[in-house]
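Here is how names work: the chains are called A, B, and so on, in the same order as the sequence lines, proteins then strands, and each is numbered from 1.
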Number of protein chains: 2
Amino acid sequence: MDSDSAADGFTAMGSTARLDVLRALVRAGPAGRPVSDIQATLGIPASTLTHHLKALADAGLIIQEKTGRSIISRANYDQLEALAAFILSECCSEEGRNHG
Amino acid sequence: MDSDSAADGFTAMGSTARLDVLRALVRAGPAGRPVSDIQATLGIPASTLTHHLKALADAGLIIQEKTGRSIISRANYDQLEALAAFILSECCSEEGRNHG
DNA sequence: TCCATATTTCGATAGTCCTAGAAATATCGA
DNA sequence: TCGATATTTCTAGGACTATCGAAATATGGA
């Protein structure tokens, strides 16, 4: 995980609307949820929801798969774990240094 | 940790410049670093750096303390841990449900 | 083919954010 | 008080973002 893709990931989580969508998918587990189902739960207009889902997918936080007329979105747990671990990685590695 | 303050925290981490500043502080450990020291390491103009530090402080990700002419910034490890934990909290709690 | 369902693309508006130079403020030492 | 150091505030422009209605696209069934 490099700094740039981590920042992309955090940007994607950095709006209430998008974080709510992501968490709905995290709660749903590996089965994921279709767009229309998320929309019914959160009450976001379809075009806005598509926009946010694309942002989450571009950042690698979710994975989308088309089945029939539906698109199933799933949380990308590996990526989410990597981001969570990134926050405090290298913690205190320079503790006590006066220069550098 | 509610969704709104989590989103604020992730927004603060959602730019490369700011994430680099935060990580410099995470690496530094509890001793923290003065602004001028961060500036020397990262090469960011002072006014830009102040702007980013304020954003990080407003989101509760860092804590600033004035000592003499310097301001020491420290990572707020409790808040960072809470954000890391938030990402996957409630994971799969609705797994298997078809409605709701 | 025709219709209903599911989702995306387009387009436009309003608002927010990043960056950074210049000027201002605060602190310490001589 | 004067100067050096440390940091913030002011200001501004260009870039990016969120929102969402309307129109378009894709799929499956009758």
Side-chain angles (χ1 to χ4, degrees), chain A residues 3-25 28 31-74 98-99, chain B residues 3-25 28 31-74 98-99:
Chain A
S3 196
D4 280 352
S5 40
D8 287 348
F10 293 132
T11 294
M13 288 193 275
S15 94
T16 307
R18 227 155 32 223
L19 190 57
D20 287 347
V21 171
L22 179 63
R23 283 174 63 71
L25 293 176
R33 297 179 75 175
V35 176
S36 57
D37 189 27
I38 303 169
Q39 195 193 346
T41 303
L42 299 181
I44 302 173
S47 61
T48 304
L49 182 53
T50 292
H51 170 80
H52 287 316
L53 286 169
K54 183 174 181 345
L56 291 168
D58 284 352
L61 270 48
I62 67 171
I63 294 166
Q64 296 187 293
E65 181 191 354
K66 190 163 193 172
T67 81
R69 266 172 294 190
S70 299
I71 297 203
I72 307 296
S73 301
R74 297 181 173 83
N98 294 318
H99 306 287
Chain B
S3 197
D4 280 351
S5 40
D8 287 348
F10 294 133
T11 294
M13 289 194 273
S15 93
T16 308
R18 226 153 34 222
L19 190 57
D20 286 347
V21 171
L22 178 65
R23 283 173 63 69
L25 293 176
R33 296 178 74 176
V35 177
S36 56
D37 189 28
I38 303 169
Q39 196 194 347
T41 303
L42 298 180
I44 301 173
S47 62
T48 304
L49 182 53
T50 293
H51 171 80
H52 286 317
L53 286 170
K54 182 173 182 345
L56 291 167
D58 284 351
L61 270 49
I62 68 171
I63 293 166
Q64 296 187 293
E65 182 191 352
K66 189 162 192 172
T67 81
R69 267 172 293 191
S70 298
I71 296 203
I72 306 294
S73 301
R74 299 180 172 83
N98 295 315
H99 306 287

Fill in the blank from the handout: In terms of heavy-atom contacts, A:Leu49 and A:Val35 come closest through CD2-O, 3.6 Å
Practice task
Could you pull out the closest heavy-atom pair between A:Arg18 and A:Thr11, with the gap in Å?
Solution key: NH2-O, 3.1 Å
Handout entry: Close residues, residues 3-17 of chain A, relative to DNA chain C [heavy-atom separation under 4.0 Å]
Key = none
Fill in the blank from the handout: Here the gap from A:Ile71 atom CD1 to A:Leu53 atom CG, rounded to the nearest 0.5 Å, amounts to 9.0 Å
Fill in the blank from the handout: Rounded to whole Å, CD1 of B:Ile44 lies from C1' of D:dT7 at a distance of 15 Å
Completion exercise
Distance col, row B:His52:NE2 vs B:Ser47:OG, nearest 0.5 angstrom, shows 9.5 Å
Practice task
With sequence neighbours left out, write down each residue that passes side chain to side chain donor-acceptor pair (under 3.5 Å) with B:Thr16, or none if nothing qualifies.
Solution key: A:Asp4
Problem - With sequence neighbours excluded, residues passing side chain to side chain donor-acceptor pair (under 3.5 Å) with A:Asp8 - result: none
Please tabulate the protein-to-nucleotide N/O contacts below 3.5 Å involving nucleotides 8-12 of chain C, giving atom names and distances.
| unit_1 | atom_1 | unit_2 | atom_2 | d |
| --- | --- | --- | --- | --- |
| C:dT8 | OP2 | A:Thr50 | OG1 | 2.7 |

Practice task
Determine: side-chain N/O of A:Arg18 to OP1/OP2 of D:dA18, distance under 4.0 Å, yes or no.
Solution key: yes
Fill in the blank from the handout: Nearest heavy-atom contact between A:Ala7 and B:Ser15 is CB-C, 4.0 Å
Completion exercise
dist A:Asp20:CG -> A:Thr41:OG1 (nearest 0.5 Å) comes out at 11.5 Å
Practice task
Between protein and nucleotides 24-30 of chain D, map the contacts as a letter string: B base, S sugar-phosphate only, - none, heavy atoms under 4.0 Å, written 5' to 3'.
Solution key: --SBS--
Exercise for the section: For B:Ala6 and A:Leu19, work out which heavy atoms get closest and say how close. Expected result: CB-CD2, 3.8 Å
Exercise for the section: Report the distance from atom CD of B:Gln39 to atom P of D:dT5, rounded to the nearest whole Å. Expected result: 14 Å
Practice task
Could you tell me whether the phosphate oxygens of D:dT17, OP1 or OP2, come under 4.0 Å of any side-chain nitrogen or oxygen in A:His52?
Solution key: no
Handout entry: Test item: B:Thr48 side-chain N/O and B:Ile44 main-chain N/O as donor-acceptor pair under 3.5 Å
Key = no
Residues 56-67 of chain A, side-chain donor-acceptor partners within the protein, below 3.5 Å, at least two apart:
| unit_1 | atom_1 | unit_2 | atom_2 | d |
| --- | --- | --- | --- | --- |
| A:Asp58 | OD2 | A:Lys54 | NZ | 3.0 |
| A:Gln64 | NE2 | A:Ser73 | OG | 3.1 |
| A:Glu65 | OE1 | A:Arg74 | NH1 | 2.8 |

Practice task
Please check the phosphate of D:dT7 (OP1 and OP2 only) for any side-chain N or O of B:Ser36 closer than 4.0 Å.
Solution key: yes
